[in-house]
Amino acid sequence: MSYLPKTPSTRHRSRSEAKTPLTPSLAVGLNSLSLATPSKADVSFANPFAASRPSSPAKRSASGSIQVSESLQRQASTGVIRKGGVESRLDVVTRDYVPPKSEKKRSKSQPSRDTRDRFITTRDPADDVAATLDLMSLNPQSASPGHTARLAAATGVPLNRRVLSYHEPPPPSASDPLLAQAREYARPLYARPGALPTSTSTATTGAKGRKISTQPERVLDAPGMVDDFYLNLVSWSCLNIVGVALAENTYLWRADSGEVVQLGEAPEGSYISSVEFSNDGLFLGVGVGTGAVELWDAESQTKLRTMSGHSSQVACLSWYQHILTSGCADGSIWHHDVRVARHKVGELIGHQGEVCGLKWRSDGELLASGGNDNVVNVWDGRIGDVAPGTRSAARWTKRNHTAAVKAVAWCPWQPSLLASGGGTSDATVHIWNTTTGARLHSLPTPSQVTSIQWSPHKKEFMTTHGYPTNAIMVHAYPSMERVAEIRDAHDSRVLWSAIGPAGDVVVTGAGDENLKFWRIWEVPKVRKSKESKDSSGRTGSTKSDILRIR
């Protein structure tokens with residue numbers, strides 16, 4: 001049996017009959033209403049989609065079919081309609097759109113006044129945008145030929161360059177392109193604020209008009225130099241001899257003659273981890289990766305003895321008279337008396353990490369040490385007999401650094417001052433008063449501090465740095481102002497430094513396997529006398545020695 005589909009009119013009727021049946025009173029009310037006749041006679045009222053919609057309330061009132069009461073008219077005029085006890089406010093616009101009137105042309109001496117409303121604007125947005133673009137144009141048609149150039153000069157905006165730029169591109173590196181590319185990749189990782197631009201001139205003007213050359217006076221090839229932050233591989237004696245460790249070999253270079261002598265060799269399978277000349281320059285202490293400490297005669301190039309006992313590499317050494325102090329990777333510090341067979345005369349326990357910085361004060365009363373545990377210790381220099389289980393305690397312990405402390409240096413003209421420098425994550429120089437234990441100054445730097453050298457003639461000190469600057473910096477004391485900076489002093493991080501016997505030239509070593517000699521300070525001019533010269537008529541300045549070996 002087939003069913004005919006229901007038309008929309010059928011569904012409409014069935015739904016109305018089911019839900020809202022017509023009562024007799026409702027039918028009488030609907031018959032009393034008179035609806036407007038459709039404009040077209042052929043429209044069928046049976047189809048709701050073709051029937052005309054009821055006219056709007058305004059049309060009804062005009063036709064007279066529905067009478068609008070006076071209260072309803074008053075409510076509509078005020079914008080409030082009450083229906084079923086619920087009030088709703090309508091957004092009634094009481095201001096019609098008025099096109100702008102054409103203003104009369106005024107002379108240039110009589111400016112026009114804008115009388116339009118600022119809040120309910122009647123301006124065309126397209127005209128405003130066009131006028132704004134015309135005002136922003138740097139080269140309007142009515143401008144003079146030099147108007148653009150004068151405007152650019154006044155505002156400081158270049159016309160042929162980008163307005164938004166962080167900084168100028170760095171100058172091209174003169175070293176190996178692969179090494180330069182690797183350094184550029186690593187530069188953001190070690191960047192520090194406060195760096196000066198790269199030194200490109202031949203001389204950097206320092207305090208009081210003095211100049212510091214940015215070019216080394218001499219460069220020595222040092223093949224096999226180990227690129228290790230924790231080792232100490234360069235020392236300069238008071239007899240003008242430079243000791244340097246290259247892998248498993250130790251060499252001496254005489255600055256007066258340029259002669260190079262191989263002093264010794266580490267045991268098979270080991271390497272040289274530190275070198276340090278004695279105060280008189282006659283002996284050289286050599287630390288070995290196995291934990292042994294060797295003693296060499298610098299004049300005869302013979303090994304005098306081997307002092308063993310450390311469990312791992314000896315990364316730093318320091319002399320005071322006949323006491324040779326060594327710092328070990330296990331955190332221990334030993335005092336060796338080179339005059340007696342039982343060489344160990346003291347042990348200092350105060351570091352939890354490798355001891356990589358060690359320096360005696362010139363009077364021997366205090367010893368400063370820095371370690372990989374970010375700690376600076378100042379020890380009492382008095383040495384007594386060592387009994388089993390005897391341990392010493394540091395006089396001062398400073399934990400202000402946040403990285404390994406390798407750079408420690410005593411001030412030669414104020415013995416109570418101690419300078420210490422931190423590694424990569426710290427990059428700060430602290431100045432300590434070892435009498436009171438107070439921290440006097442703190443100097444943030446752009447990169448890790450690898451060594452510190454005080455000037456014996458000026459109130460200044462020098463620092464060497466690693467990535468990313470690889471710089472040599474000179475600072476004034478106590479103002480801590482930067483006197484000069486030599487950027488990219490080496491192609492790799494500057495790890496070691498030593499000052500010459502005259503206090504004017506500094507030698508630096510780096511992982512690029514080079515030794516460079518820099519004239520940082522000048523020897524004060526004194527009145528020449530016969531006592532100041534030796535039998536050969538040569539003064540003790542390092543300057544004459546370096547010029548002679550050229």
Side-chain angles (χ1 to χ4, degrees), residues 173-176 179-180 183 196 198-204 206 211-229 231-237 240-247 250-260 275 277 406-407 409 447-455 460-474 483-522 541-550:
S173 177
S175 59
D176 185 9
L179 180 60
R183 289 175 55 196
L196 290 180
T198 304
S199 300
T200 55
S201 60
T202 57
T204 302
K211 296 182 178 180
I212 297 177
S213 176
T214 59
Q215 298 297 326
E217 292 197 350
R218 187 175 184 86
V219 179
L220 297 180
D221 188 23
M225 181 169 283
V226 182
D227 188 3
D228 193 330
F229 172 82
L231 306 185
N232 293 270
L233 306 181
V234 177
S235 180
W236 200 338
S237 74
N240 212 8
I241 300 176
V242 177
V244 57
L246 305 179
T250 307
Y251 292 90
L252 300 180
W253 179 77
R254 300 182 181 275
D256 54 353
S257 62
E259 179 186 3
V260 178
V275 293
F277 276 103
K406 175 189 176 184
S447 54
Q448 63 178 170
V449 184
T450 57
S451 67
I452 301 175
Q453 300 292 338
W454 289 89
S455 171
E460 296 176 353
F461 63 93
M462 184 201 77
T463 56
T464 60
H465 301 269
Y467 293 128
T469 60
N470 301 336
I472 298 174
M473 301 169 63
V474 181
V483 177
E485 179 182 14
I486 305 175
R487 294 285 296 273
D488 297 325
H490 284 263
D491 293 335
S492 181
R493 52 182 179 174
V494 186
L495 293 177
W496 313 285
S497 68
I499 190 170
D504 54 352
V505 178
V506 176
V507 60
T508 58
D512 59 356
E513 300 183 342
N514 284 324
L515 290 178
K516 294 185 179 181
F517 295 82
W518 310 85
R519 184 164 300 279
I520 305 298
W521 298 287
E522 293 292 338
S541 173
T542 312
K543 179 178 180 180
S544 59
D545 298 333
I546 291 185
L547 292 177
R548 184 171 289 102
I549 65 176
R550 277 187 168 185

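Heavy atoms only, all atoms of each residue included: Val505 and Trp236 are closest at O-CZ3, 3.8 Å. Nearest heavy atoms, Phe277 versus Val242: CE1-C, 4.2 Å. Contact between His465 and Thr450 at its shortest, heavy atoms only, is N-OG1, 3.8 Å. Closest non-hydrogen pair, Ser492 versus Ala510, comes out as O-CB, 4.1 Å. Across Trp521 and Glu460, no two heavy atoms sit closer than the pair NE1-OE1, 2.8 Å.
Contact annotation: the side chain of Asp227 approaches that of Arg493 to within less than 4.5 Å [non-hydrogen atoms, C-beta and beyond]. Side-chain contact check for Ser213 versus Trp518: every heavy-atom pair is 4.5 Å or farther apart. At a threshold of 4.5 Å between non-hydrogen side-chain atoms, the residues Ile520 and Asp504 do not count as touching. Residues Lys516 and Val494 have side chains not in contact (no heavy-atom distance under 4.5 Å, counting atoms from C-beta outward).
Put simply, CD1 on Ile241 and CG on Asp256 are 7.5 Å apart, with the number rounded to the nearest 0.5 Å. How far CG of Asp488 is from OG1 of Thr214: 11.0 Å, rounded to the nearest 0.5 Å. Here the straight-line distance linking atom CD1 of Ile452 with atom CD1 of Ile499 works out to 13.0 Å at 0.5 Å rounding. Note that the CZ atom of Phe229 and the CG atom of Leu495 stand 8.0 Å from one another [nearest 0.5 Å]. We find the CD-CE distance between Glu513 and Met225 to be 8.5 Å, quoted to the nearest 0.5 Å. Between the CZ atom in Arg254 and the CG atom in Asn240 there is a gap of 10.5 Å [rounded to 0.5 Å].
Under the rule for a side chain to side chain donor-acceptor pair (under 3.5 Å), the partners of Ser451 that lie at least two apart in sequence or sit in another chain are Thr464, Ser497.
A donor-acceptor pair under 3.5 Å is absent between the side-chain atoms of Asp491 and the main chain of Asp512, judged by distance alone. Not one N or O on the side chain of Trp496 forms a donor-acceptor pair closer than 3.5 Å with the backbone of Ser235.
Below 30°, between 30° and 60°, or above 60°: for Phe517 and Trp253 the angle between ring planes is between 30° and 60°, a tilted geometry.
A side chain to side chain donor-acceptor pair (under 3.5 Å) with Ser447 holds for exactly one of Asn470, Thr469, Thr463; it is Thr469. The side chain to side chain contact (heavy atoms under 4.5 Å, CB included) test with Val234 singles out one residue from Thr508, Val275, Leu515, and that residue is Leu515.
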